[in-house]
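The structure appears below as structure tokens.
Naming convention: chains lettered A, B, ... in sequence-line order (proteins, then strands); numbering from 1 in each chain.
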Amino acid sequence: MTDVARGEELTKRERLTIDRQEMPTRDPGERSGTFAEVNLGFTERLAMLEAQRCLACKRATCVEGCPVMVDIPTFVRQIEDGDFAAAAETLFRDNTLPAVTGRVCPQEHQCEAECVLGRKGAPVAIGHLERFIADWARGHVHEPPLTIEPTGRRIAVIGAGPGGLTAAGELARHGHDVTIYEALHTPGGVLTYGIPEFRLPNDIVQHEVGRLQALGVHIECNVVIGRTYTLDELRKGFDAVFVSVGAGLPVFLGIPGEGLKGVYSANEYLTRVNLMQAYAFPEADTPVLQGEHVVVIGGGNVAVDAVRTARRLGAQRASIVYRRSRPEMPARVEEIHHAEQEGVTFEFQVSPLAIEGNADRWVTGLRCIDTKLGEPDSSGRRAPIPIEGSERVIPCDTVVVAVGTRANPLLTSSSPDLALTNRGYLVADERGMTNLPGVFAGGDIVRGSATVILAMADGKRIAGTIDEYVRATSVEVTPR
Amino acid sequence: MTTESEHAAMTEDGDPSVAGTAGYEVISNAKLSADVHRLVIRAPRVAAVRQPGQFVIVRLGPGAERIPLTIADSDAEQGSIVVVIQAVGKSTSDLVRLAAGDRIDDVVGPLGRPSDLITSGTAVCVAGGVGAAVIYPIARRLAEIGTEVITVLGARTSESVLYAEEFASFAELVVCTDDGSAGRAGLVTDALREVLATRSVDVVYAAGPVPMMSAVAAVTKPLGIRTIVSLNPIMVDGTGMCGGCRVTVDGVMRFACVDGPEFEAHDVDFAELADRLGTYRESELTASTHVCRGSA
């Protein structure tokens, strides 16, 4: 590793001699006992050194890989120059929640996948740099109040998750009066109830929420659209509505034994621990079963979050059971790596058949069968085929089912005019508008289960079309 | 386009951001029996639209559980709802200790689907224990819309009979207690059998402990009388997100919070429901006996 002196412009050759800087992490042995964040963040020195690796390509392919098109070369150059305030300004211009995305984006499939350095070696650690600037800004930048002229248009956002928060921030910056309705008692959506503190601390989410409130965004918790208010009521009260309620409803496997005690959906398991702080039970009132042998079924980020949570709750053995093989796991590579460091075990190419229980109906094991990988299926991944005669039981006392979610019908069933797909998701056109004029939708309730950044990308893009829509359709505000 | 009044209607509440004070105010707390309290809470948004059969989830404050409670009554004009709480664990004990003027951080609702109410004929409403507060809004609305209502109210002793006067004001009432200290001695199912033997009944509504609801279903099933029960599984979010409240109905997994809480009794797997309600029995003991750090 070369520590290159600052002050003079580096040559490309010099830049290429710098190794990718490692993210400092909490010691794996210490981690399994704490929900404190694993990644500790770059120091200023590490960040500036990493930033020096960027070759400032004329055609910035990294930007093309970013769903919200962050101006990556500019903010990285500003980090290299030590001008963190300028880097923060650049970052916030394109990304409402950089402290979140710097932590949870699958960079290896997005910006960093497009980095030219990745062709021969390691790409620039764009995610770590993004996180560094967002965290630096939290301590240093006090955004001046918006001086933008209020438009007098009122916009309702349903759901305070990543999509809703992003849309709300964008719309507020356009001068609109934005109210977010949130069903839970705390804003953040999946950022709060789903993603564990060791990956995304809750106070970071709440800080970002506070930034939006400082922009003038109103957040009303404890309001369930479809129950407390109907969508029609919101349409009458607002010039436009953005539906970003997420997917929500957990999918179970439909195998015997899912009603046994000790079986959780990942949503419930994570909600109890993250939103309700069951890890602190009995200091906090909500309990969670602290299994000794926990099996998590699934291979996505949610499954990995659940299994790492199980370790932290004290499980002696915490395992992932996944139908396919490791390369097919949709989870972030960094999280899989961290899980391994923390002693999580993986059972690949195993398909669950039934959950077994004792006479008192507590879970005792997961009956499953080994699989081999066949031809790629419609998702492009190789389909698992059971191997006859390979049935066995994995002993466990807790099973967490993390095989995805489906559309929550709460809002849609109370708005019969709203067009849905045959799987219950909302249908939206290229502007993000549903079949109901003025009602827009984005994120998981349109896409099905996807990622935080894609929901944010929807929120950002559709906020733009909502802005155009309300400016074109509603009356001018009367002067006060 | 938005009018000022519509704007006000969308944001007015006992909501902290509007009222300037945090939470939902407790208007009154009345003790109904040894461990059962009736709380009136200011929650205008809920009071404005709630219907019989629906519930709220309340969360007292930071660190508190989310507790589902049936809405027993409401006053849209006053912007208040009534919930009846039996102190059975730490969270419910914390709630019944609240005094008028205290605040609850979170009240969300109304949740669940409204009751499926028949508009003519005869309904028997069977309630055990605090199930009386669940059945009360259903029975009263049935009476209001012209259904003949017979209420069978069960409790351990005369002291724990709830809402008897209220029921008696609009329905024929049979009270049963385990020890005969009020009404007749015996189980609600005995009284129900007698009613069904002498009257033509179109539907039975039941709410109470799982064994009671299961027993009611066992009585009505051979007679082919439609029976609806209000289920009370463990719940966290109450909006379909966690799946903790899953129940098996007619062999199919349903979520009580969004598909229920009321289901056709003859299709419900009561054994599974009763069993799952015991998931946190050990934790409940821990919570009840736990002394917080920093408290004396």
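Contacts between B/R50 and chain A at a heavy-atom distance below 4.5 Å are absent for every atom of the residue. Residue B/M253 touches chain A through its side chain alone, counting heavy-atom pairs closer than 4.5 Å. Neither the backbone nor the side chain of A/L270 comes within contact range of chain B; no heavy atom of the residue lies under 4.5 Å from a heavy atom of that chain. In this structure, the portion of A/L410 lying under 4.5 Å from any heavy atom of chain B is its side chain and not its backbone. With a threshold of 4.5 angstrom between heavy atoms, B/V49 approaches chain A through side-chain atoms but not through N, CA, C or O. Contact annotation for B/L277: neither backbone nor side-chain heavy atoms come within less than 4.5 Å of a heavy atom of chain A. Contacts between B/R276 and chain A at a heavy-atom distance below 4.5 Å involve backbone atoms as well as side-chain atoms. Contacts of B/T248 with chain A are absent, with no heavy-atom separation under 4.5 Å from either backbone or side chain. Only the side chain of A/T271 comes within less than 4.5 Å of a heavy atom in chain B; its backbone stays farther off. With a threshold of 4.5 angstrom between heavy atoms, A/V288 approaches chain B through N, CA, C or O but not through any side-chain atom. For a residue to count as touching a neighbouring chain, one of its non-hydrogen atoms must lie under 4.5 Å from one of that chain's; by this rule A/Y269 does not touch chain B.
Using a 4.0 Å cut-off between a side-chain N of Lys or Arg and a carboxylate O of Asp or Glu, B/D275 and A/R361 qualify as a salt bridge. Between B/R66 and B/D237 there is no salt bridge, since none of the side-chain N atoms of the basic residue sits less than 4.0 Å from a carboxylate O of the acidic one. Salt-bridge check for B/D94 with B/K90: passed, with a basic side-chain N closer than 4.0 Å to an acidic carboxylate O.
Two residues are said to be in side-chain contact when any heavy atoms from C-beta on lie closer than 4.5 Å; B/V268 and B/M213 fail this criterion.
Options B/G244, B/G240, B/P62, B/S91 differ in how many heavy-atom pairs under 4.5 Å they form with chain A, and the most are formed by B/G240. Between chain B and the options A/H218, A/E258, A/R272, A/Q277, heavy-atom pairs under 4.5 Å are most frequent for A/R272. Of the listed residues (B/R246, B/R113, B/Q54), the one with the most heavy-atom contacts under 4.5 Å to chain A is B/R246. Residue with the most contacts toward chain B among A/A278, A/G248, A/P250: A/P250 (heavy-atom pairs, distance under 4.5 Å). Across A/F281, A/W362, A/F252, the residue that shares the most heavy-atom pairs under 4.5 angstrom with chain B is A/F252. Between chain B and the residues A/T186, A/D360, A/N267, the largest count of heavy-atom pairs under 4.5 Å involves A/N267. The candidate from B/E272, B/M241, B/E65 with the greatest count of non-hydrogen atom pairs under 4.5 Å with chain A is B/M241. Residue with the most contacts toward chain A among B/V258, B/L273, B/T239, B/V247: B/T239 (heavy-atom pairs, distance under 4.5 Å).
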_Could you go through B/L111 and B/F55, starting from their C-alpha distance and side-chain angles, then the distance that decides it, and tell me whether this counts as side chain to side chain contact (heavy atoms under 4.5 Å, CB included)?_
CA-CA 5 Å; B/L111 300 171; B/F55 63 96; 3.5 Å; yes
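Heavy atoms only, all atoms of each residue included: A/A407 and A/G424 are closest at CB-O, 3.3 Å.
Surrounding CD of A/E292 are at most 12 heavy atoms belonging to other residues, nucleotides or ligands under 6.0 Å away. Taking a 6.0 Å sphere around CD of B/E282, one finds it holds 12 or fewer heavy atoms contributed by other residues, nucleotides or ligands.
For A/E182 (side chain) and A/G161 (main-chain N/O), no donor-acceptor pair under 3.5 Å exists by modelled atom type.
Atom CZ of A/F242 sits about 8.5 Å away from atom CG of A/L171, to the nearest 0.5 Å.
Using bins of under 30°, 30° to 60° and over 60° for the plane-to-plane angle, the ring pair A/Y264/B/Y280 lands in the tilted bin.
If you check the side chains of A/T405 and A/S449, you find a donor sitting under 3.5 Å from an acceptor.
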